[in-house]
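Per chain, numbering begins at 1; letters A, B, ... match sequence-line order. Excluded from the calculations below are hydrogen atoms, water molecules and symmetry mates; all remaining heavy atoms, backbone and side chain alike, are included.
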Amino acid sequence: MPFIALPCDECVKIGGDVRSKEEKNMHRWDVTPREALRIQEELRERVLLQNRFKKIGTVAGADVSFFEDEVAAVVAVFDYETLELVDETVVTSSCTFPYIPGLLTFLEGPVLIQAFEKLTHQPDVIIFDGQGIAHPRGIGIATHLGVLLERATIGCAKARLVGEYREPQREKGSLAALTLKSTTVGAVVRTRYGVKPIFVSPGHFMNITSAIEIIMNCCTRYRLPEPIRWAHHRARQCVSHFRKDEKGGFSRMKPKQAVRGLG
DNA sequence: GCGACAG
DNA sequence: ATCTTGTCGC
């Protein structure tokens, strides 16, 4: 029974039951691609592209790594000024949905939400490895989870999903508008001289200008903002453990090794 | 029907 | 995403 002993600001009472806002907003995840589209259409109406976060004290990076059907999700929280780590959570799980362009949230969302629930320090802003509103239905993973968690989020993708743009200049800080149906949904940002640009778009409780500014402030000496780099790095470490366990396991040992091992 | 297509 | 060593360019 999902009862919470001490009701607080983060909780809401419903007929004697006490549920966190996350639970109250949650929808089903065991859905078909068609049902997933329907959920996105419903949630898009709840998106707010206006800043709704206080003075930024902390920023989090969220990412997921894979090894076959096993996944490891990491959420790492950093001090916005010093970019020092202040909190981090890891959750491993198995895939329940395939990767389908436009439906990434249904693959990574469930495990990421579990990781957020384990945090001790709730960040003021969250950066995701994927799109925000620069999505065919305006609700990429950053936007979707921003609505469910009711938090300010930013989408920071390494590649384009939708939209048109002109290549930004080679200098660090160069920008180009990412346009979809004659509407600017984000920006193509050159975070270092000459490197491949990243695709920044607001998720939720955030406007485009602030999204770009926050991302730039988190980019020190690499192409990706520090929170995302860290989360990605840690998620990969976890996945490497899966590999070792897999190798040492008996059931999935490769034929050549199995034969030798059995004499 | 033919490409495009976050991770 | 992931498999992967050295190597070309700033």
Length of the [atom1]-[atom2] vector between [X] and [N], whole Å:
X        : N     : atom1 : atom2 : value
A/Ile141 : C/dA1 : CD1   : P     : 13 Å
A/Leu161 : B/dA6 : CG    : P     : 6 Å
A/Leu107 : B/dA6 : CG    : C1'   : 11 Å
A/Glu164 : B/dG3 : CD    : P     : 20 Å
A/Gln131 : B/dA6 : CD    : P     : 8 Å
A/Phe128 : B/dG7 : CZ    : C1'   : 14 Å
A/Glu68  : C/dA1 : CD    : C1'   : 13 Å
A/Asp69  : B/dG7 : CG    : P     : 19 Å

NA contact type, [X], heavy-atom cut-off 4.0 Å: base, sugar-phosphate, or nothing?
X        : value
A/Tyr99  : base
A/Gly155 : nothing
A/Gly194 : nothing
A/Leu103 : base

Atom CZ of A/Arg221: over 12 foreign heavy atoms under 6.0 Å: no
Whether over 12 other heavy atoms sit under 6.0 Å from A/His27 NE2: yes
Near-parallel close stack of A/Phe199 and B/dA6 base (under 5.5 Å, under 30°): no
Is the closest side-chain heavy-atom distance between [X] and [Y] below 4.5 Å?
X        : Y        : value
A/Leu49  : A/Ile133 : yes
A/Phe242 : A/Thr92  : yes
A/Asn207 : A/Gln50  : no
A/Leu180 : A/Thr183 : no

Lys/Arg N to Asp/Glu carboxylate O, A/Asp129 vs A/Lys158, below 4.0 Å: yes
Sidechain N-carboxylate O distance under 4.0 Å for A/Lys181, A/Glu164: no
For DNA chain C, the residues among residues 206-240 of chain A that have a non-hydrogen atom under 4.0 Å from it: A/His232, A/Arg236
May I ask you to evaluate whether [X] reaches the phosphate of [N], defined as a side-chain N or O under 4.0 Å from OP1 or OP2?
X        : N      : value
A/Tyr193 : C/dC10 : no
A/Lys158 : B/dG7  : yes
A/Arg160 : B/dC5  : yes
A/Ser65  : C/dT2  : yes

Mutual orientation of the aromatic rings belonging to A/Phe199 and A/Tyr165 [parallel < 30°, tilted 30-60°, perpendicular > 60°]: perpendicular
Which nucleotide in C/dT2, C/dC10, B/dA6 has an atom nearest any side-chain atom of A/Pro101: B/dA6
Ranges pairing with ranges for DNA chain B, where each run has three or more Watson-Crick or G-U pairs under 3.5 Å: none
Whichever hydrophobic residues join A/Val59 through chains of side-chain contacts under 4.5 Å: A/Phe53, A/Ile56, A/Tyr80, A/Val125, A/Ile127, A/Ile154, A/Leu175, A/Val189, A/Ile198, A/Val200, A/Met206, A/Ile208, A/Ile212, A/Ile214, A/Ile215, A/Met216, A/Leu224, A/Ile228
